[in-house]
Amino acid sequence: MRTLQRVVAACLAVVAVGCGTESSEPEAPSLRTQVAELVSPNGRNLNGRNLNGRNLNNSELGGMLVSVAYAGAHSAFGRPLTNVRLQGSAFEGTEGTTPVSGEAFVGARFVGKLGDGSTLPLRVDSITQGSGADSDLWSYQVSYQGSDGSWRPVCQDANGGALSAIAVAGRWNYLQGVAGGGEKIEDATAFTFACEGAAIAKCMHFGYKPWATAANGESLAGHHQACTRMVRADFCGDGASHTVDGQWVNLYDGVGVQADTESWSVEAEWNESGARCFTSETRAHAPVTCSGLNPIPDCGDTSHFESGTRLISESPYGAGGL
């Protein structure tokens, strides 16, 4: 296999799963059951089925941590934190009359919202600032309080070990296979703890930080959202993934963040809504049909960066690849 540079090529790990519905009303899950779903492993699905820390495979999402509120935050000393906001991925706010930011949020408590509308307490256990080009990426070890009163990590790897998260403004629609699935929702009242190894965090490590700008001054928010679609092979833009474990992909853009380093077959062009077009050389290795998609001609033509395409992906499984 030819050498793949740092993050230009990523191992795709997803199983295409439909969004099913049940014929009868399911029994309401307990908090313990909800939290068990919340912390399902995501490390091994680095660029696959997980948009943020779980398998997107049902339409109810009762146990999914869908967002975290800025309001209702408290410091480690139990004092209210007001005017809480994110500057990039670093928290800022006020404790009493004192401005606080960065590592001052260690021990802070937040209120997380689950998919069924219920809430649970969250606690920031540690904070680490990134370095170099990633100095604006702050990592948070975050715990939730279970029904027995004990605290457990929100983000876990396949073996149950704690993973860090990156805080990012707004929230996502985690539904799969439906209109609006996978969509970024610009909500000024909420933010997301994006677990490391899942798509939202991975795309920030690719360099698509939604608060940042490219060298030409263009916001990278659209590229970040397009990346979350691309990473999960969400061709139809409905939250459903179309890839399997162990797939590779080469991605590049027109704003100088990621360059084309491989001579692989064009797979797709991407924007915030999913694929603008795709070829037969996809990670699905099977025909993909998207209702209502009107593909643009000459899929993969880099001139399309001037007309709405954010990213182009290539597959190594066609001519010139692996």
Side-chain angles (χ1 to χ4, degrees), residues 4-12 46-47 51-52 85-92 129-139 165-172 182-188 191-192 194 196-235 237 248-264 266-278 296 298-315:
L4 303 181
Q5 293 188 357
R6 185 171 60 97
V7 293
V8 175
C11 183
L12 273 275
L46 195 58
N47 293 313
L51 182 58
N52 187 26
R85 59 200 181 278
L86 281 168
Q87 183 65 37
S89 62
F91 287 109
E92 295 182 349
Q129 183 178 8
S131 60
D134 285 339
S135 61
D136 56 346
L137 287 183
W138 292 68
S139 295
I166 301 171
V168 58
R171 56 188 174 88
W172 272 260
E183 181 180 2
K184 171 72 179 291
I185 301 167
E186 300 296 342
D187 184 346
F191 67 92
T192 296
E196 292 284 7
I200 299 172
K202 184 66 177 178
C203 288
M204 287 186 272
H205 286 294
F206 280 176
Y208 302 121
K209 302 165 186 175
W211 56 83
T213 56
N216 64 358
E218 182 177 348
S219 169
L220 292 174
H223 288 79
H224 178 263
Q225 175 58 12
C227 179
T228 67
R229 300 285 194 185
M230 183 282 303
V231 156
R232 302 185 59 254
D234 181 4
F235 295 107
W248 291 92
V249 64
N250 179 42
L251 67 145
Y252 48 97
D253 56 65
V255 294
V257 176
Q258 290 291 339
D260 182 7
T261 62
E262 307 300 326
S263 299
W264 293 352
V266 169
E267 177 191 57
E269 295 184 26
W270 302 88
N271 64 14
E272 296 91 326
S273 299
R276 298 188 72 199
C277 63
F278 55 89
I296 58 177
D298 302 319
C299 195
D301 189 328
T302 55
S303 68
H304 297 166
F305 286 135
E306 304 299 321
S307 58
T309 294
R310 302 289 193 182
L311 305 173
I312 294 176
S313 62
E314 292 179 342
S315 166

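With no hydrogens or angles considered, no side-chain donor-acceptor pair links S315 and E267 at under 3.5 Å.
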Might you work through the side-chain contact (heavy atoms from CB on, under 4.5 Å) test for K184 and T228, ending with a clear yes or no? CA-CA 10 Å; K184 171 72 179 291; T228 67; over 6 Å; no
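Annotation: side chain to side chain contact (heavy atoms under 4.5 Å, CB included) contacts of T302 (sequence neighbours excluded): Y252, F305, I312. Listed by chain and number, the residues in a side-chain hydrogen bond (donor to acceptor under 3.5 Å, both in side chains) with S303 are D301 (sequence neighbours excluded). Checked against side chain to side chain contact (heavy atoms under 4.5 Å, CB included), D253 has the following partners two or more places apart in sequence or in another chain: Y208, H223, V255, V257, Q258, L311. Applying the side chain to side chain contact (heavy atoms under 4.5 Å, CB included) criterion to A165, with sequence neighbours excluded, gives C155, F193. When the side-chain hydrogen bond (donor to acceptor under 3.5 Å, both in side chains) test is applied to E218, the partners found at least two apart in sequence or on another chain are R310. Checked against side-chain hydrogen bond (donor to acceptor under 3.5 Å, both in side chains), S89 has no partners two or more places apart in sequence or in another chain.
The CE atom of M230 sits 10.0 Å away from atom NZ of K202, with the distance rounded to the nearest 0.5 Å. Considering CD1 of I166 and CD1 of I200, their distance stands at 10.5 Å, rounded to 0.5 Å. Considering CG of D136 and CH2 of W211, their distance stands at 5.5 Å, rounded to 0.5 Å. Separation of atoms SG (C203) and CZ (R232) is listed at 11.0 Å; rounding is to 0.5 Å. Expressed to the nearest 0.5 Å, how far OG1 of T261 lies from CG of N250 amounts to 4.5 Å. Rounding to the nearest 0.5 angstrom, the gap separating the CG atom in L137 from the NE2 atom in H205 is 6.0 Å.
Between the Q225 side chain and the G182 main chain, a donor and an acceptor come within less than 3.5 Å of each other. Between the side chain of E92 and the main chain of R85, no donor-acceptor pair closer than 3.5 Å is present. In this structure, the side chain of D298 does not engage the main chain of G300 through any donor-acceptor pair within 3.5 Å.
When the shell of 6.0 Å around CD of Q87 is examined, it contains 12 or fewer heavy atoms from other residues, nucleotides or ligands.
Considering only heavy atoms from C-beta on, P210 comes within 4.5 Å of M204 through its side chain.
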